[in-house]
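Numbers restart at 1 for each chain; the letters A, B, ... are given by sequence-line order, proteins then strands. Computation of the quantities below employed the complete heavy-atom set of this structure, encompassing side-chain atoms and omitting hydrogens, waters and symmetry-equivalent molecules.
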Amino acid sequence: MSENKIYVGNLPFRISKESLEEHFAQFGSVAETIIISDRETGRSRGFGFVSFETEDGMNTAIKADGSELDGRPLKINQAQARN
DNA sequence: GTTGAGCGA
């Protein structure tokens, strides 16, 4: 079973991962929420990942691509696995 | 501001 994870881009730098979770909890049960930051500089990269407990939740979230969060239209796509 | 980590054997 693979994870139901989505990529979330165009994030406003002011939000936290828990804010993201609150936003995506509307689409389904959120299993994990992550905000990515550069490990060498410690600065935000402006994107993150959200995994859902069910495929339906992920699917619904992807359909919400372009929904605004803090005034910014989010870029949502199914995440690609790390290599 | 766009697809994540870590550094052991």
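For the pair A/Ile36 CD1 and B/dA5 P, the computed distance is 6 Å after rounding to whole Å. Rounded to whole Å, the distance from CD1 on A/Ile35 to P on B/dT3 is 14 Å. Rounded to whole Å, atom C1' of B/dA5 lies 10 Å from atom CD1 of A/Ile34. Atom CZ in A/Phe49 sits roughly 9 Å away from atom P in B/dA5 (whole-Å rounding). What separates CD of A/Glu3 from C1' of B/dA5 is a distance of 14 Å, to the nearest Å. The distance from atom CD of A/Glu40 to atom P of B/dC7 is 13 Å, rounded to the nearest whole Å. Rounded to a whole Å, the CG atom of A/Asn10 is 14 Å from the C1' atom of B/dT3. The separation between A/Leu11 atom CG and B/dG4 atom C1' is 13 Å, rounded to whole Å.
Considering all non-hydrogen atoms of both residues, A/Ile6 and A/Ala61 come closest at CD1-CB, 3.8 Å.
Of the candidates B/dT3, B/dG4, B/dT2, B/dT3 carries the atom nearest the A/Gln80 side chain, counting heavy atoms from C-beta on. The side chain of A/Arg39 lies closest to B/dC7 when the candidates are B/dG4, B/dT2, B/dC7.
With centres under 5.5 Å and a plane angle under 30° as the test, the ring of A/Phe47 is not stacked against the base of B/dG4. Using a 5.5 Å limit on the distance between ring centres and a 30° limit on the angle between planes, the aromatic ring of A/Tyr7 counts as stacked on the six-membered base ring of B/dT3.
The main-chain N or O of A/Ile15 is never found under 3.5 Å from a side-chain atom of A/Ser19 such that the two would form a donor-acceptor pair.
For A/Glu55, the CD atom is loosely surrounded, since the number of other residues' heavy atoms within 6.0 Å does not exceed 12.
Take the nearest nucleotide of DNA chain B for A/Ser44 and for A/Ala81: the residue whose nucleotide is more 5' is A/Ser44. The 5' end of DNA chain B is approached more closely, in terms of each residue's nearest nucleotide, by A/Pro12 than by the other of A/Pro12 and A/Lys5.
Nucleic acid contact for A/Asp38: none, since no nucleic acid atom lies under 4.0 Å from a heavy atom of the residue.
A side chain to side chain contact (heavy atoms under 4.5 Å, CB included) with A/Val50 holds for exactly one of A/Ile76, A/Ile34, A/Leu20; it is A/Leu20.
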Requested in this report: Test A/Asp65 against A/Lys75 for side chain to side chain contact (heavy atoms under 4.5 Å, CB included), laying out the working first.
Outcome: CA-CA 6 Å; A/Asp65 178 36; A/Lys75 173 64 167 132; 4.1 Å; yes

